[in-house]
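Here the structure comes first, spelled out in structure tokens, and everything after it is commentary.
Chain identifiers are assigned alphabetically (A, B, ...) following the order of the sequence lines, protein sequences preceding nucleic acid strands; residue numbering begins at 1 within each chain.
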Protein chains: 2
Amino acid sequence: MKTRRALTDRASAVPALAEAFREHGFEGASLTVLSQATGLGKGSLYNFFPGGKEEMMEAVLADIDHWFAESIFLPLERAEDPAQAIASMFEDVTAYFRSGRRVCLVGCLGLNTSGAAFAVTIRDYFARWISAIAQCLEVGKVPPDAARQLAEEAVSGIQGAIVLARALEDETTFHRILRRQHSTLTDAIGAWAGSQAP
Amino acid sequence: MKTRRALTDRASAVPALAEAFREHGFEGASLTVLSQATGLGKGSLYNFFPGGKEEMMEAVLADIDHWFAESIFLPLERAEDPAQAIASMFEDVTAYFRSGRRVCLVGCLGLNTSGAAFAVTIRDYFARWISAIAQCLEVGKVPPDAARQLAEEAVSGIQGAIVLARALEDETTFHRILRRQHSTLTDAIGAWAGSQAP
DNA sequence: GAGTTCCTGTACCGAACGGTACATTTGTGT
DNA sequence: ACACAAATGTACCGTTCGGTACAGGAACTC
């Protein structure tokens with residue numbers, strides 16, 4: 001019996017659902033759209049997600065949360081080489097958001113009332129991202145308050161870069177802004193690096 | 001005959017429409033919602049905006065564009081005291097976006113497919129905002145390339161601050177980020193201020 | 001005050017919405 | 001081969017969607 005490939009197919013539908021929600025938003029992604037995006041009929045969709053669209057979005061958010069935890073948050077939180085950890089975060093984030101062509105679903109959800117049902121998930125996502133960066137900066141000898149401020153600014157900068165790159169339809173905008181955010185953080189690590197010798 | 005208060009009522013409905021679109025997004029703002037928000041029946045709505053929701057959104061965008069041109073862009077473009085012009089921009093923007101509680105409709109529209117019909121309006125809005133700031137910084141003796149980069153970063157930072165403040169449900173985040181964006185720009189003006197005496 | 005023009009609420013349209021029911025297909029364990 | 005359960009496609013549910021038609025009401029002209 002075992003898995004009976006039930007969870008497998010449900011899980012494999014999630015990325016397609018995520019992309020559909022990204023493209024059309026929560027309200028704009030009708031069941032027809034979601035059905036076409038996944039290649040699954042309504043029957044299958046409701047078999048996997050009895051709670052309808054809302055459960056689909058929850059699954060997508062859980063998937064995103066898991067990916068970020070593994071690929072972004074944990075490496076930052078456990079970093080031994082802060083500058084390197086920050087560098088690979090920017091690299092991974094650039095790839096993930098496709099240089100700004102791909103939207104941040106969590107950020108978008110927070111912008112209008114359709115995301116109200118997911119408010120705590122949204123808040124936790126950003127709160128953890130910020131504290132992960134801050135924690136990493138502190139390893140790099142940046143004082144806690146400055147680290148938090150810089151982390152906040154970095155996450156905000158990434159979100160802003162997505163909005164702007166989408167609006168201007170120009171990937172280079174995204175790269176320029178992230179490059180500068182990156183050097184701001186590495187500069188901060190460098191600035192406090194020698195001030196407190198062991 | 002004259003205006004026959006036709007234009008008056010159409011114009012007076014626009015702010016309510018704008019707020020409804022902000023809250024619910026383009027797809028989420030149904031005619032019922034728009035009707036309640038404006039206090040106008042469907043008949044009146046279609047009398048003023050024969051093109052339906054799309055024309056309503058166009059009117060809203062035109063209104064926003066006009067407000068920003070008058071209150072934000074022109075003052076920047078004509079600034080004689082750059083530092084002061086930048087300061088009042090941040091002040092006005094903070095008030096306009098209600099410390100991040102209020103969403104940037106133009107930015108939101110660009111994030112999903114529902115805004116595709118307004119792509120050029122969206123692009124022009126951000127392009128002009130960036131070049132207005134850049135122009136203002138150049139008056140402050142900042143070199144053109146640096147001015148453009150800083151301007152891009154400022155607009156992006158404002159958009160990111162909105163996303164983050166909404167997600168965290170915390171206005172202070174918005175204020176912190178904007179304060180820092182502000183000082184980055186004034187620092188830039190200060191840095192090049194004395195380097196090129198008349 | 002009649003005539004005209006604009007405005008507005010109501011009723012209604014077909015289409016699409018989210019969601020359900022169910023018969024059928026598909027796959028698997030024994 | 002058989003039985004049984006999961007997965008699926010289809011038809012359908014009531015509701016709401018964006019949009020239209022239109023009759024009556026207000027307001028202005030003459």
Side-chain angles (χ1 to χ4, degrees), chain A residues 1-61 105 109 112-118, chain B residues 1-61 105 109 112-118:
Chain A
M1 202 197 283
K2 297 201 170 182
T3 57
R4 211 165 169 76
R5 99 190 166 107
L7 281 182
T8 310
D9 268 19
R10 177 183 152 124
S12 75
V14 169
L17 290 175
E19 229 52 45
F21 279 130
R22 262 186 256 271
E23 273 303 293
H24 302 89
F26 184 71
E27 315 257 12
S30 67
L31 284 185
T32 315
V33 166
L34 297 171
S35 176
Q36 287 172 347
T38 55
L40 297 171
K42 276 205 225 176
S44 310
L45 236 35
Y46 269 86
N47 181 37
F48 292 132
F49 309 94
K53 269 172 76 170
E54 197 159 315
E55 188 172 339
M56 298 181 207
M57 180 58 95
E58 275 168 12
V60 166
L61 289 179
L105 187 50
L109 263 185
N112 52 35
T113 51
S114 61
F118 315 102
Chain B
M1 201 198 284
K2 297 203 170 181
T3 56
R4 212 168 168 75
R5 100 186 165 109
L7 279 182
T8 309
D9 268 19
R10 177 183 152 125
S12 75
V14 169
L17 291 174
E19 229 51 47
F21 280 130
R22 262 186 256 270
E23 273 304 293
H24 302 89
F26 184 72
E27 315 258 11
S30 66
L31 283 186
T32 313
V33 166
L34 297 172
S35 176
Q36 287 172 348
T38 55
L40 297 172
K42 277 205 224 177
S44 311
L45 238 32
Y46 269 87
N47 181 40
F48 291 132
F49 309 94
K53 269 172 76 169
E54 196 159 316
E55 188 172 340
M56 298 181 207
M57 180 58 94
E58 275 168 13
V60 167
L61 289 179
L105 187 50
L109 263 184
N112 52 35
T113 50
S114 59
F118 315 100

| said: So Gly52(A), base contact, sugar-phosphate only, or nothing? Heavy-atom distance under 4.0 Å. | reply: sugar-phosphate

| query | For Gly41(A), which contact category applies under a 4.0 Å heavy-atom criterion: base, sugar-phosphate, or nothing? | reply | sugar-phosphate

To the nearest 0.5 Å, what is the distance between [atom1] on [X] and [atom2] on [Y]?
{"X": "Thr32(A)", "Y": "Lys42(A)", "atom1": "OG1", "atom2": "NZ", "result": "6.0 Å"}
{"X": "Leu109(A)", "Y": "Leu61(A)", "atom1": "CG", "atom2": "CG", "result": "6.0 Å"}
{"X": "Ser30(A)", "Y": "Glu27(B)", "atom1": "OG", "atom2": "CD", "result": "9.0 Å"}
{"X": "Met57(B)", "Y": "Leu17(B)", "atom1": "CE", "atom2": "CG", "result": "9.5 Å"}
{"X": "Glu19(A)", "Y": "Leu105(A)", "atom1": "CD", "atom2": "CG", "result": "9.0 Å"}

Between [atom2] on [N] and [atom1] on [X], what's the gap in Å once rounded to a whole number?
{"X": "Leu45(B)", "N": "dC17(D)", "atom1": "CG", "atom2": "P", "result": "14 Å"}
{"X": "Asn47(B)", "N": "dT5(C)", "atom1": "CG", "atom2": "P", "result": "15 Å"}
{"X": "His24(B)", "N": "dC17(D)", "atom1": "NE2", "atom2": "P", "result": "11 Å"}
{"X": "Leu17(B)", "N": "dG18(D)", "atom1": "CG", "atom2": "P", "result": "13 Å"}
{"X": "Asp9(A)", "N": "dT28(C)", "atom1": "CG", "atom2": "P", "result": "12 Å"}
{"X": "Tyr46(A)", "N": "dG9(D)", "atom1": "OH", "atom2": "P", "result": "16 Å"}
{"X": "Leu40(B)", "N": "dA26(D)", "atom1": "CG", "atom2": "P", "result": "17 Å"}

| message | In the structure I gave you, are the side-chain heavy atoms of Leu34(A) and Phe21(A) within less than 4.5 Å of one another anywhere? | response | yes

| query | In residues 26-38 of chain B, which residues come under 4.0 Å of DNA chain C by heavy atom? | reply | none

| note | Of the listed dT8(D), dG19(D), dT8(C), the closest approach to the Phe48(B) side chain comes from dT8(C)

| request: May I ask you to decide whether Arg10(B) forms a salt bridge with Glu55(B), counting only side-chain N to carboxylate O separations under 4.0 Å? | output: yes

| said: For Gly39(B) and Gly51(A), find the nucleotide of DNA chain C closest to each by heavy atoms; which residue's nucleotide sits nearer the 5' end? | reply: Gly39(B)

| task | Determine whether any donor atom in the side chain of Lys42(A) lies under 3.5 Å from an acceptor atom in the base of dG9(D), or the reverse, and answer yes or no. | result | no

